[in-house]
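This report refers to the structure that appears directly beneath it.
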Amino acid sequence: MPTHKTTQEPPIDLPVGFNAWLLDCAPVPGCGTCQTEWQSLKAAKRAGDIGQAAKHATQIRDHSGGHR
């Protein structure tokens, strides 16, 4: 039975404040899409999944830019 070795890089410590910059966004009041993404961002952040939270923040920034 072969044994497989897997390696995992140690986590990278990002500079203080980087996550705040990465997740900086503002949902447009009254927009259902923005609010849904905002709730998902908060849930991902609570779960410690910054990568997923960043995807939601990007969606909010991209979507809210279309509101004029």
Side-chain angles (χ1 to χ4, degrees):
M1 186 166 174
T3 55
H4 298 288
K5 285 189 173 183
T6 60
T7 59
Q8 184 175 0
E9 296 292 325
I12 296 171
D13 287 327
L14 297 173
V16 173
F18 185 78
N19 286 348
W21 172 80
L22 187 64
L23 302 179
D24 184 33
C25 61
V28 174
C31 175
T33 300
C34 287
Q35 296 304 317
T36 298
E37 291 292 340
W38 181 251
Q39 294 302 320
S40 297
L41 181 153
K42 292 190 325 183
K45 193 173 171 184
R46 278 192 305 272
D49 189 348
I50 298 301
Q52 189 63 39
K55 289 179 185 178
H56 293 295
T58 300
Q59 291 292 343
I60 292 169
R61 285 190 296 269
D62 289 349
H63 180 78
S64 66
H67 293 283
R68 300 271 187 260

Set of side-chain hydrogen bond (donor to acceptor under 3.5 Å, both in side chains) partners for Thr36, sequence neighbours left out:
none
Taking only residues two or more places apart in sequence, or in another chain, which ones meet Gln39 in a side-chain hydrogen bond (donor to acceptor under 3.5 Å, both in side chains)?
none
What are the two closest heavy atoms between Gln35 and Gly30, and how far apart are they?
NE2-N, 4.5 Å
Residue pairs, two or more places apart or on separate chains, that pass side chain to side chain donor-acceptor pair (under 3.5 Å) and touch residues 40-60
Glu37-His56, Gln52-His56, Thr58-Arg61
Each residue besides Trp38 in its hydrophobic cluster should be listed here, by chain and number; the cluster joins Ile, Leu, Val, Met, Phe, Trp and Tyr at side-chain heavy-atom distances under 4.5 Å.
Leu41, Ile60
Thr33 meets the side-chain contact (heavy atoms from CB on, under 4.5 Å) criterion, sequence neighbours left out, with Cys31, His63
